[in-house]
Amino acid sequence: MCYYNDTWGVSKLHTKETTCCFSGHRPAKLPWRSNENDALCIALKNEIRDRLEGIYEAGYRHFICGMAIGCDMFFAEAVLELRKIHPDVTLEAAVPCGSQPEKWGFEQRKRYNRLLNACEKVTVLQIGYSADCMMKRNMYMVDNSSLLLACFDGTPGGTMNTIVYAKRNGVKVILIEL
């Protein structure tokens, strides 16, 4: 079941060919964990920002984010920064389930809500959690994009599965190696 907040007409403005989605690790898989002041984290955020500028120059205008803590939020924040420079940029939140932030801490939920409110489109794929809702979310993002930007350390998990799914379905993949 999908719910849409499409007040800006995002679906009419952008096509799959001008859409880029993102996948990346949560803090538990990052070398700096949750310490965003770490030099490696700052470098990753800068690289995401730089890659997004190049992706924009290649013609991409719509960006889809899975809204998980960690790299997803870095991506969403970088897209919002890009939008300040290029007002034709739009951000879509692909929320796997309505209960996604339930078990997060207060600051994580606050950040999530701030990012969600800044999106032009919000797609909630199902109401409650299920074992496969994250992969359904990832498949939705890939199915509606022609480019996947992924922060990946080579370990098995959701990001690897999303990269494999994208390649299998002819979606171009750009990797930022961690």
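For reference, positions follow the sequence shown, starting with 1.
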S.K.: Strictly by modelled atom types, are Thr18 and His62 linked by a side-chain donor-acceptor pair under 3.5 Å?
M.R.: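 No donor-acceptor contact under 3.5 Å links the two side chains.
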S.K.: When you measure from the side chain of Arg61 to the backbone N and O of Tyr56, does any donor-acceptor pair fall under 3.5 Å?
M.R.: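 Yes; judged by distance alone, with no hydrogens or angles, the pair exists.
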S.K.: Kindly indicate whether the side chain of Ser145, heavy atoms from C-beta on, has any atom under 4.5 Å from the side chain of Leu147.
M.R.: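 No; the side chains remain at least 4.5 Å from each other.
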S.K.: Just how far is it from atom CG of Leu149 to atom CD1 of Ile48, taken to the nearest 0.5 Å?
M.R.: 7.0 Å
S.K.: Using a 3.5 Å cut-off and no angle test, enumerate the donor-acceptor pairs between side-chain atoms of residues 169-176 and protein atoms at least two apart in sequence or in another chain.
M.R.:
unit_1: Asn169; atom_1: ND2; unit_2: Tyr165; atom_2: O; d: 2.7

S.K.: Can you name the nearest heavy-atom pair linking Ser130 to Asp132, along with the distance?
M.R.: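 Minimum heavy-atom separation between Ser130 and Asp132: OG-OD1, 2.7 Å.
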S.K.: In terms of hydrophobic clustering (I, L, V, M, F, W, Y; side-chain heavy atoms under 4.5 Å; direct or indirect links), are Phe63 and Val124 co-clustered?
M.R.: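 Yes, Phe63 and Val124 fall within the same hydrophobic cluster.
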S.K.: Nearest heavy-atom pair of Pro96 and Cys133: which atoms, and what distance?
M.R.: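 The answer is CB-O, 3.5 Å.
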S.K.: Please indicate whether Lys16 has more than 12 foreign heavy atoms, meaning atoms of other residues, nucleotides or ligands, lying under 6.0 Å from its NZ.
M.R.: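 Counting other residues, nucleotides and ligands, NZ of Lys16 exceeds 12 neighbours.
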S.K.: Count I, L, V, M, F, W, Y as connected when their side-chain heavy atoms are under 4.5 Å apart, and connections chain through other members. Are Leu91 and Val122 then in the same cluster?
M.R.: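 As far as the 4.5 Å side-chain criterion goes, Val122 and Leu91 are connected within one cluster.
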S.K.: Does the side chain of Tyr60 come within less than 4.5 Å of Ser146's, by heavy atoms?
M.R.: yes
S.K.: Establish whether Phe75 and Leu116 are linked, either directly or via other cluster members, by ILVMFWY side-chain heavy-atom contacts under 4.5 Å.
M.R.: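 Yes, same cluster.
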S.K.: Atom CD1 in Ile69, atom NZ in Lys103: separation rounded to 0.5 Å?
M.R.: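 Nearest 0.5 Å value for the CD1-NZ distance: 13.0 Å.
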S.K.: Would you check, one step at a time, whether the test side-chain contact (heavy atoms from CB on, under 4.5 Å) holds for Phe22 with Cys71?
M.R.: CA-CA 9 Å; Phe22 178 82; Cys71 290; 3.8 Å; yes
S.K.: Please examine the side chains of Lys110 and Asn113, heavy atoms only from C-beta on, and report whether any two atoms are closer than 4.5 Å.
M.R.: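 Asn113 does not reach Lys110 side chain to side chain.
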S.K.: Can you measure from NE2 (His86) to CG (Asp88) and round to the nearest 0.5 angstrom?
M.R.: 7.5 Å
S.K.: If we only count heavy atoms from C-beta on, is the Ile64 to Asn144 side-chain gap below 4.5 Å?
M.R.: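 In short, these two side chains touch, coming nearer than 4.5 Å.
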S.K.: Does a side-chain N-to-carboxylate-O contact under 4.0 Å join Arg51 and Glu47?
M.R.: yes
S.K.: When clusters are formed by joining ILVMFWY residues with side-chain heavy atoms under 4.5 Å apart, either directly or through shared neighbours, do Leu148 and Phe152 land in the same one?
M.R.: yes
S.K.: Looking only at non-hydrogen atoms, find the nearest pair between Asn138 and Gly158 and report the distance.
M.R.: ND2-O, 4.0 Å
S.K.: Do you know which two heavy atoms are closest between Met141 and Ala94, and how far apart they sit?
M.R.: CG-CB, 3.7 Å
S.K.: Tell me if a side-chain donor or acceptor on Arg26 pairs with a main-chain N or O of Gly70 at a distance below 3.5 Å.
M.R.: no
S.K.: Just verifying a value: how many Å separate Met67 CE and Arg111 CZ, rounded to the nearest 0.5 Å?
M.R.: 10.0 Å
S.K.: Can you establish whether the number of heavy atoms outside Glu57 located under 6.0 Å from its atom CD is more than 12?
M.R.: yes
S.K.: Any chance the side chains of Tyr112 and Asp72 put a donor and an acceptor closer than 3.5 Å?
M.R.: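 No, no side-chain donor-acceptor pair sits under 3.5 Å.
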S.K.: What heavy-atom pair brings Thr159 and Cys151 nearest, and what distance separates the two atoms?
M.R.: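 The pair with the smallest heavy-atom distance is CG2-O, 3.6 Å.
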S.K.: Roughly how far, to the nearest 0.5 Å, is the CZ atom of Arg49 from the CD atom of Glu77?
M.R.: 13.0 Å
S.K.: Taking atom CG of Leu125 and atom CZ of Arg137, what is their separation to the nearest 0.5 Å?
M.R.: 8.5 Å
S.K.: Hydrophobic cluster membership, with links at side-chain heavy-atom distances under 4.5 Å among I/L/V/M/F/W/Y: are Met73 and Leu52 in one?
M.R.: yes
S.K.: Given side chains that start at C-beta, do those of Leu82 and Glu53 come closer than 4.5 Å, heavy atoms only?
M.R.: yes
S.K.: If you measure from the Lys or Arg side-chain nitrogens to the Asp or Glu carboxylate oxygens, is any gap between Glu120 and Arg83 under 4.0 Å?
M.R.: yes
S.K.: I'd like to know if the side chain of Arg109 reaches the main chain of Pro101, judged simply by a donor and an acceptor atom lying under 3.5 Å from each other, with no hydrogens or angles considered.
M.R.: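 Such a contact is absent between Arg109 side chain and Pro101 backbone.
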